[in-house]
Chemist: 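Got a structure here, written out as structure tokens. Questions coming.
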Amino acid sequence: MDKNIWDVAIIGGGGAGLTAGLYASRANLKTCLFEKMSSGGQIALTDTVENYPGFPEGITGPEISAKMEEQAKKYGTEFILEEVAKLEEKNSQFIIRTSSGKEYFSKTIILASGASFRRMGVPGEREFTGRGVSYCATCDGAFFKNKAIAVVGGGDSALQEGIFLTRFATQVHVIHRRDKLRASPILQTRALHHPKIDFIWNAVVESVSGSGKVENLKLKDVNTNQTRDFKTDGVFVFIGHDPETGYIGDFVKLDEKKYVIADPVTMETSRKGVFAAGEIRTGAVKQLVTACGEGCAAALQAQYYLENLEQH
Ligand code: NAP
């Protein structure tokens, strides 16, 4: 029996992967997309997307990801709900091995598995995840109706999600390790003037504790090294992301932070026939619109690569 060989195998179903799927399948390439849970990536966990062109009123993260998935499927992208464990190349063909022990074959690969949220790495964090520690405001915000909560971080995610959480919480205390925010000016202005948001500057969380659920954070002032207890009903952590590249090993070159090194125009990695798009790529602008643009570019490059293969 002939083995099934895909033209394009996309790993990751965020903005980059879904757009790559749309472009590759519209080019009549036999395209599959691997996603370990549900598609949408980080954007599906975002409340409102206000800066994707074409939606002047904004659109919710789950809504835009569902639409992107529908559009990729409409033109033939096949979704494979499996976790990719390893990549190999044999006889000019790529093999995608999954955690469940299956193998898939493809002529090209687009790496688009993005990045996942970073943990604080302090005592109590793991133990209380799902019991007051959260990394997703859209998923868990409603559990904190009429409660006072903390948000850790000073970037766009912390402020955007912190503002969203004021819909439920009585008060949102933003804990930031410096006295200057990293977030964009528009979000800073909104958060700094929000009646339900206040800031705890120059502070880091040292531990999370409680009985059965989060009740207390141990906060350390980074200037004086003094610690104090801070009562809270929950803590949302938005301190950045780390790339999802564990399955890549040395299949393509990674930078020192484990992001994939790829040409920012052609999306080519160190291995011919393998492209990278979106937040997984070193130096990527971490926005939905650029992730989609890179997914498009990677799919077009995969198409040219396949046309070239046929000619030779
Ligand atoms: P980010 O920009 O990397 O910000 C992470 C924040 O967490 C920083 O304020 C950082 O402090 C702090 N931090 C990092 N490690 C920490 C630790 N171990 N303990 C305490 N604090 C720590 O991450 P992000 O906010 O998730 O954003 C990621 C990317 O997505 C950015 O490019 C952002 O612009 C983009 N994004 C855009 C939007 C939007 O356009 N509306 C929304 C969300 C995200 P320092 O400032 O001191 O480094």
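Positions are given from 1, in the same order as the sequence printed here. Atoms within a ligand are numbered from 1 in the order they appear, just like the ligands themselves.
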Chemist: Going by the order shown, which atoms of ligand 1 are within less than 4.0 Å of some heavy atom of His176?
Modeler: 9 (O), 11 (O), 45 (P), 46 (O), 47 (O)

Chemist: Tell me if the CZ atom of Phe34 is crowded by more than 12 foreign heavy atoms within 6.0 Å.
Modeler: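 Yes, because the 6.0 Å sphere around CZ of Phe34 holds more than 12 heavy atoms from other groups.
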
Chemist: Please say which of Glu244, His241, Gln42 ends up in a side chain to side chain donor-acceptor pair (under 3.5 Å) with Ser116.
Modeler: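 It is Glu244; the other options fail the test.
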
Chemist: Taking the ring centre of each residue, are Phe199 and His173 less than 6.0 Å apart?
Modeler: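 Ring centres of His173 and Phe199 not closer than 6.0 Å.
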
Chemist: For Gln160, is at least one N or O under 3.5 Å away from an N or O on ligand 1?
Modeler: yes

Chemist: Just checking Lys253: does its NZ atom have more than 12 heavy atoms from other residues, nucleotides or ligands closer to it than 6.0 angstrom?
Modeler: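 Not buried by this count: 12 neighbours or fewer within 6.0 Å.
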
Chemist: Return the closest protein heavy atom for atom 3 (O) of ligand 1 as residue, atom name and distance.
Modeler: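 Residue, atom and distance for the closest contact: Gly240 CA, 4.0 Å.
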
Chemist: Starting from atom 8 (C) of ligand 1, which protein heavy atom do you reach first, and at what distance in Å?
Modeler: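 Checked against all protein heavy atoms, atom 8 (C) of ligand 1 sits closest to Arg182 NE, 3.7 Å.
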
Chemist: Residue-level breakdown please: for Asn51 versus ligand 1, do any non-hydrogen atoms fall below 4.0 Å on the side chain, on the backbone, on both, or on neither?
Modeler: side chain

Chemist: Check whether more than 12 heavy atoms from other residues, nucleotides or ligands sit under 6.0 Å from atom CG of Asp250, and answer yes or no.
Modeler: no

Chemist: Between Ile239, Asp179, Val49, Val222, flag the one that comes closest to atom 13 (N) of ligand 1 by a heavy atom.
Modeler: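 Comparing heavy atoms across Ile239, Asp179, Val49, Val222, the nearest one to atom 13 (N) of ligand 1 lies in Ile239.
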
Chemist: What part of Lys286 sits under 4.0 Å from ligand 1 if we count only heavy atoms: the side chain, the backbone, both or neither?
Modeler: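 Within the 4.0 Å criterion, Lys286 contacts ligand 1 through backbone and side-chain atoms alike.
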
Chemist: Can you classify the ring geometry of Phe164 versus Phe168 as parallel (below 30°), tilted (30 to 60°) or perpendicular (above 60°)?
Modeler: perpendicular

Chemist: Just heavy atoms, cut-off under 4.0 Å: does His241 contact ligand 1 by side chain, backbone, both, or neither?
Modeler: side chain

Chemist: Could you find the nearest protein heavy atom to atom 25 (O) of ligand 1 and give me its residue, atom name and distance?
Modeler: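 Residue, atom and distance for the closest contact: Ser157 N, 3.0 Å.
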
Chemist: Identify which of Thr46, Asp156, Val122 has a heavy atom lying nearest to atom 34 (O) of ligand 1.
Modeler: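 Going through Thr46, Asp156, Val122 one by one, Asp156 has the nearest heavy atom to atom 34 (O) of ligand 1.
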
Chemist: Have a look at ligand 1 and work out which part of Met120, if any, has a heavy atom under 4.0 Å from it: side chain, backbone, both or neither.
Modeler: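 None of Met120 does.
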
Chemist: With respect to Gly154, determine whether any N or O atom, backbone or side chain, lies less than 3.5 Å from an N or O atom of ligand 1.
Modeler: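 By distance alone, the answer is yes.
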
Chemist: Considering only protein heavy atoms, which is closest to atom 46 (O) of ligand 1, and at what distance to one decimal place?
Modeler: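 Atom 46 (O) of ligand 1 sits closest to the protein heavy atom Arg178 NH2, 2.8 Å.
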
Chemist: For a quick test of reading the model, state the closest non-hydrogen atom pair linking Phe275 to Ala298 and the distance between them.
Modeler: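 Heavy atoms only, the tightest pair is CB-CB, 4.1 Å.
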
Chemist: Hey, does the Lys NZ or Arg CZ of Arg281 hover above the aromatic six-ring of Tyr259, less than 6.0 Å from the centre and inside 45° of the axis?
Modeler: no

Chemist: Which distance, rounded to the nearest 0.5 Å, do you find between the CD1 of Ile149 and the CG of Asp233?
Modeler: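 It is 9.0 Å, given to the nearest 0.5 Å.
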
Chemist: Give the residue and atom name of whichever protein heavy atom lies nearest to atom 11 (O) of ligand 1, and the separation in Å to one decimal.
Modeler: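 For atom 11 (O) of ligand 1, the nearest protein heavy atom comes out as Arg177 NE, 3.1 Å.
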
